[in-house]
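This chain uses plain numbering: 1 for the first residue, then up along the sequence.
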Amino acid sequence: MNATKILGIVLLITLAVIGAGFYVIDTGDVLLGNKMIGFATAFMFLILMPTFIVVRYRKKDMSKFTFNTKSKEELAEEDDWDDKSKWN
């Protein structure tokens, strides 16, 4: 099974827990419902989202997504902080 499919199933389970938390709030146990919603939301954003980002972009070449096309040496030559002629 693909890792993104597993993460999708875990996401659906997390959303179901959030829905169950709202149902528990509606039935009368507000404290337990808020805990369920809070823990599911924290799990989704602190564990599930970073895991998805790592799995999705693990084998991608990130150099394509930079706006800077110059090499590091050319950038180092351009940033001459001792040159005061540009301030005149």
Side-chain angles (χ1 to χ4, degrees):
M1 190 180 249
N2 197 357
T4 53
K5 289 182 183 179
I6 294 171
L7 287 173
I9 292 169
V10 172
L11 175 66
L12 288 176
I13 293 169
T14 306
L15 292 175
V17 170
I18 290 173
F22 281 114
Y23 177 74
V24 168
I25 287 174
D26 193 42
T27 57
D29 194 1
V30 178
L31 185 62
L32 179 64
N34 284 335
K35 283 182 182 180
M36 288 172 67
I37 294 170
F39 284 130
T41 305
F43 175 79
M44 189 184 330
F45 289 108
L46 295 176
I47 296 173
L48 197 60
M49 189 185 302
T51 306
F52 174 76
I53 292 171
V54 167
V55 167
R56 185 78 174 144
Y57 294 108
R58 182 177 0 171
K59 297 177 184 175
K60 296 263 183 174
D61 182 21
M62 290 296 152
S63 65
K64 297 179 193 174
F65 298 105
T66 59
F67 293 116
N68 198 1
T69 58
K70 297 179 182 180
S71 67
K72 290 181 182 179
E73 292 83 20
E74 291 175 7
L75 287 174
E77 291 173 3
E78 283 183 8
D79 292 335
D80 189 11
W81 291 98
D82 294 334
D83 185 20
K84 299 205 183 337
S85 62
K86 62 182 175 184
W87 299 103
N88 294 333

Residues that Asp61 engages under side-chain hydrogen bond (donor to acceptor under 3.5 Å, both in side chains), provided they are two or more places apart
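side-chain hydrogen bond (donor to acceptor under 3.5 Å, both in side chains) check on Asp61 returns Ser63.
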Under the rule for side-chain hydrogen bond (donor to acceptor under 3.5 Å, both in side chains), what residues qualify as partners of Thr4, not counting sequence neighbours?
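Scan of Thr4 (side-chain hydrogen bond (donor to acceptor under 3.5 Å, both in side chains), adjacent residues dropped) gives Asn2.
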Distance-only donor-acceptor pairs under 3.5 Å for side chains of residues 21-28, two or more places apart:
unit_1, atom_1, unit_2, atom_2, d
Thr27, OG1, Tyr23, O, 3.4
Thr27, OG1, Val24, O, 2.8

Shared ILVMFWY cluster between Phe39 and Ile18, side chains joined below 4.5 angstrom?
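No, because Phe39 and Ile18 fall into different hydrophobic clusters, even though each may have its own neighbours under 4.5 Å.
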If we check side-chain contact (heavy atoms from CB on, under 4.5 Å) with Ile13, which of these qualifies: Leu11, Ile9, Leu15?
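In the set Leu11, Ile9, Leu15, the residue that makes a side-chain contact (heavy atoms from CB on, under 4.5 Å) with Ile13 is Ile9.
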Taking all non-hydrogen atoms of both residues into account, name the closest pair between Leu48 and Thr14 and its distance.
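Scanning both residues, the minimum pair turns out to be CD2-OG1, 4.3 Å.
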On a heavy-atom basis, which atom in Leu7 and which in Phe52 lie closest, and how many Å separate them?
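Heavy atoms only, the tightest pair is CD1-CA, 3.6 Å.
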Counterpart residues, side-chain contact (heavy atoms from CB on, under 4.5 Å), relative to Ile53 (two or more places apart):
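Residues passing side-chain contact (heavy atoms from CB on, under 4.5 Å) with Ile53: Met49, Tyr57.
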Side chain to side chain donor-acceptor pair (under 3.5 Å) contacts touching residues 28-51 (sequence neighbours left out):
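Listed by first then second residue: nothing to list.
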